[in-house]
Amino acid sequence: MDELRFPDGFTWGLATSAYQIEGAVDRDGRGESVWDRYCRTPGKVVDGATGDVACDHYDRFEADVDLLADLGAGSYRFSVSWARVLPTGTGPANTRGLDFYDRLVDRLLEHGIAPTVTLNHWDLPQALQDEGGWTARATVERFDEYAGVVFARLGDRVVRWITHNEPWCVAFLGYWRGVHAPGVSGDLVAALRAAHHLHLSHGRAVRTYREQGHPGEIGITLNLAPHSPDSDSDADREAVRLSDGYFNRWFLDPVLRGSYPDDMVDHFSRLAGPLDFVAPGDTAEAAAGIDFLGVNYYQPRVVRATPGHDLGYEVLEGGSGGATTSMGWEIAPGGLTELLIRLAHDYPGTPLFVTENGVALEDRLADDGAVHDPVRVDFLRNHFAAAHRAIEAGADLRGYFVWSLMDNFEWALGYRPRFGVVYVDFQTLRRIPKDSAALVRAVFTRNAVGMDPGGGASA
Ligand code: IFM
């Protein structure tokens, strides 16, 4: 077979997030976010990079929407900056901040591109962090307030909402490992508390959305990964159970089943003490009934039992030793098929979207003025095909968003990893579509991916 056709109505799109592309951090009344503060903390971000300018999308959004249209995107996934809308995280809305997203939504719709909007892609207002951030239960109310303001302004036109992006990263990288904002290190209880408040706030925001009565749909995006043991030993298989519980089930179960997994409650209670921040009824609220689950897939996790490690196991860098990206992530399209089939099996009845998938490479502007990224072309084609295999196996996959529309601020790694299908020259901010942009255009416009190995960017 040399062409894989996707179901009619399948959604194809590209994704970004506010702090990674907007810049304009001090414009039109925007408040400080935890990432502004983290970037200014010496030693936290490679090269001391910040999102102050990023891709200057705030001033260039019209041309960026033209680019999306040129790529044939049916939808665009972007996030709203909480600190633009509520500069201190609460109180009166900043109209000028909301106006920006209003213009962006209208511009997308003029081009026939459906807006998919994430409310929390990590940039919590710093004023709320000063009150404890996601470890404070009051932040649940603040998120619900923020969500309600944004729904009220954009809800008539946004077709798809995502409450949180990758709460695992917010909770465990931000409040335990300290490698993301707000940079809290060594406190597992804080991370578990943060995760719980993210779940609860998700449920509250879903309820608010329903109460406001908008026409679109709402879900959450989780970063998920299939797992395998490094060896057949009982210890490595046990490590897989724990790592899957920590990375996948701790986030899937509350929002889709209304409870935390028993084995992981035992495990975390042994490591961190009683989970007394979980009040009766909380997990039922978290499972507010979503319309879809967003899945961000980048690589599988290969796990080895490691006595003495703080979790009792470690995840092997580079996975099983195959090809890797410039960030050292294993390239494994089969993992996407496995993950989607597992979700369809373990959490039946939930429509799925791949809300992020992509690859960081060291792209360069060539002498011919183009950016040739054959590894990304192959990567995307093989992952699209992997998604197609999952659909054939019964997964209810409704859409696929490529990360990312353009090179951008890759958090603590600064601007070195390039994920875009559009190259950004960070000196001039010029956008140059890479070869992979041609593949994306061909696949998006034909709703099919060609698997002819010599086919390059052909659909
Ligand atoms: O850039 C990030 C994005 O913000 C969240 N998901 C993973 C991407 C690549 O690391």
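Whatever order the structure lists ligands and atoms in, that order sets their numbers, starting from 1. In this text the structure is predicted, and so the values were computed from the model without any measurement.
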Query raised in the report: With a 4.0 Å cut-off, would you call R177 and D310 a salt bridge?
Result: yes

Using distance alone, determine whether [X] and ligand 1 share an N or O pair under 3.5 Å.
{"X": "W329", "answer": "no"}
{"X": "S17", "answer": "no"}
{"X": "E410", "answer": "yes"}
{"X": "E166", "answer": "yes"}
{"X": "W122", "answer": "no"}

Ring center gap for [X] and [Y] short of 6.0 angstrom:
{"X": "F409", "Y": "Y415", "value": "yes"}
{"X": "H164", "Y": "W134", "value": "yes"}
{"X": "F61", "Y": "F100", "value": "yes"}
{"X": "W403", "Y": "F401", "value": "no"}

**Report entry** Where ligand 1 meets H121 - atom numbers and elements under 4.0 angstrom, heavy-atom basis
**Finding:** 3 (C), 4 (O), 5 (C)

Query raised in the report: How far is atom 5 (C) of ligand 1 from its nearest protein heavy atom, and which residue and atom name does that atom have?
Result: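 For atom 5 (C) of ligand 1, the nearest protein heavy atom comes out as E356 OE1, 3.2 Å.
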
Query raised in the report: Just by modelled atom types, is the P226 backbone N or O under 3.5 Å from a matching donor or acceptor in the R342 side chain?
Result: no

Report task. Please work out whether any backbone atom (N, CA, C, O) or any side-chain heavy atom from C-beta onward of N165 is under 4.0 Å from ligand 1, and answer side chain, backbone, both or neither. Result -> side chain

